[in-house]
Amino acid sequence: MIQKPKGTKDILPRDSYKWAYVEEKAKEILENYGFKEIRVPVFENTELFERGVGDTTDVVQKEMYTFLDKGNRSITLRPEGTAGAVRAYIENGMASLPSPIKMWYMMPMYRYENVQKGRYREFRQIGAEIIGTASYKADVELICMADQIIKKFNIPGVTLNINSIGCPVCRKKYQEALKAFIGSNIEKYCDTCKTRFEKNPMRILDCKEKKCKELNQGAPVILDYLCEECSTHFENVKKALEKLGIEYVIDSGIVRGLDYYTKTVFEFVSDTEGYTVLAGGRYDGLVEELGGQKTEAIGFAMGEDRLIDIFEKYNETNDVKMRVPDLYIASIGKLAEEYAQYLALKLRKNGIYVETDICERSMKASLKYADKTGSKFLIVIGEDEVNNKNAKIKNMVTGEEKEVELNIDEIISKLK
Ligand code: HAM
């Protein structure tokens with residue numbers, strides 16, 4: 001038997017309605033904040049992620065699905081959505097549109113990860129990007145929206161952690177201090193950290209190796225090195241969040257795993273599961289890095305797989321149920337069979353979810369099937385019912401039966 005690749009999952013009909021529910025609710029919120037959908041290719045030129053995400057990140061160094069296509073081009077399955085969204089923004093001249101541009105996406109991403117709880121090789125993100133504003137107000141609006149999305153799904157124990165990782169100006173001074181701290185012990189760090197020391201020492205703070213984590217204890221924190229502009233920006237974000245009643249914790253350890261971040265970064269962490277459900281931050285240099293004009297931006301992505309894992313654990317709400325048929329029409333004899341199909345077609349055109357036999361089932365088997373699928377009502381028709389245009393409609397929950405004229409309006413009124 002051929003099995004699915006490691007780190008992927010099948011989202012079966014018995015579960016997909018939960019995904020649809022989450023996506024629909026998230027979409028409502030995103031659209032209320034003015035975000036419009038963008039869809040970008042599943043694969044891009046590898047260079048986009050090397051330059052956008054950063055060639056010293058785990059994602060680029062270890063996790064990308066990269067291959068040569070038949071034309072010998074290096075192609076990569078997108079590991080995240082921001083680089084593609086920014087490429088599309090530049091390539092399609094969106095800078096000339098009224099700014100800022102607000103875009104959302106719901107797309108699968110691909111990372112060759114060590115598969116474990118909440119960590120998959122194909123996973124889905126719901127993301128949002130605001131491109132074209134440097135104002136702290138954009139950070140606040142985006143974080144509020146993320147908070148609203150998370151709260152919508154009644155997930156207990158999610159903490160918003162925020163930090164500022166400054167701009168290239170303050171980061172230069174910070175990196176010197178960090179190198180001075182790490183430098184004395186660099187021989188004790190893992191090989192990956194050693195390669196990052198010169199080019200991107202901040203990445204060392206993100207290393208998951210136990211010994212590196214221990215060595216990082218007591219490292220200088222970026223918040224002590226912020227320039228005036230970055231410091232004021234961060235203060236403004238914090239004050240505004242407090243005024244709006246959005247609770248947060250400052251976590252000076254957040255550096256984020258992707259290189260494009262500047263200033264505000266944030267993560268919504270599930271305390272019960274121990275992983276991050278939604279994460280993002282400012283990326284004021286990325287548009288320029290990818291060949292556009294200097295354009296400030298901020299965004300986030302929510303791990304939809306992780307959200308659904310927690311959602312399933314804590315929600316058995318009544319409004320999240322797989323749709324069941326409003327009506328099953330069972331029929332006896334050729335004439336009634338044809339009439340059942342005709343009625344079903346008409347009712348479906350009127351927005352009613354109707355099932356009727358398409359498996360040559362006996363009457364007994366049909367009734368059993370109607371019961372199994374949880375149909376709310378049942379109509380049984382034979383030749384007499386077709387000729388008289390009259391039948392009985394049964395409420396499958398209460399067992400109550402009523403006469404119904406076999407015309408569409410009558411049936412619909414009885415289904416209510
Ligand atoms: P990220 O932190 O790499 O950021 O991913 C965002 C979220 O995607 C994570 O917090 C997590 O919930 C989910 N996620 C990441 N990797 C996996 C995985 N292997 N399996 C399951 N879920 C995963 C980004 O991707 C940025 N592009 C976010 C962003 C948008 N920043 C600015 N704009």
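Indexing begins at 1, ligand by ligand and atom by atom, following the structure's order.
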Q125 neighbourhood, listing ligand 1 atoms whose heavy-atom distance to it stays under 4.0 Å: 5 (O), 6 (C), 7 (C), 8 (O), 24 (C), 25 (O)

E129 neighbourhood, listing ligand 1 atoms whose heavy-atom distance to it stays under 4.0 Å: 30 (C), 32 (C), 33 (N)

Pick from F123, F268, Y110, Y112: the one approaching atom 16 (N) of ligand 1 most closely through a non-hydrogen atom: F123

Contact check, D305 vs ligand 1, heavy-atom distance below 4.0 Å: no

Check ion pair E410-K414 (N to O, under 4.0 angstrom): yes

K213 and N216: CA distance, side-chain angles, deciding distance, side-chain hydrogen bond (donor to acceptor under 3.5 Å, both in side chains) verdict: CA-CA 5 Å; K213 276 184 169 175; N216 286 337; over 6 Å; no

Worked verdict on T264 versus D139 for side-chain hydrogen bond (donor to acceptor under 3.5 Å, both in side chains): CA-CA 7 Å; T264 318; D139 308 32; 2.6 Å; yes

Check: G281 N/O within less than 3.5 Å of ligand 1 N/O: no

Pair Y105, E129: side-chain N/O donor-acceptor within cut-off below 3.5 Å: yes

G280 neighbourhood, listing ligand 1 atoms whose heavy-atom distance to it stays under 4.0 Å: 31 (N)

Within-shell test, Y261 vs ligand 1, heavy atom, strictly < 4.0 Å: yes

Heavy-atom nearest neighbour of atom 11 (C) of ligand 1 within options R306, R124, R119: R306

Sub-4.0 Å heavy-atom approach of G257 to ligand 1: no

Winner among I298, T82, T276 once heavy atoms are compared against atom 10 (O) of ligand 1: T276

Donor-acceptor side-chain pairing of E80 and Y260 below 3.5 angstrom: yes

Ring centers of Y65, Y112 separated by less than 6.0 Å: yes

Ligand 1 contact by R256, heavy-atom criterion under 4.0 angstrom: yes

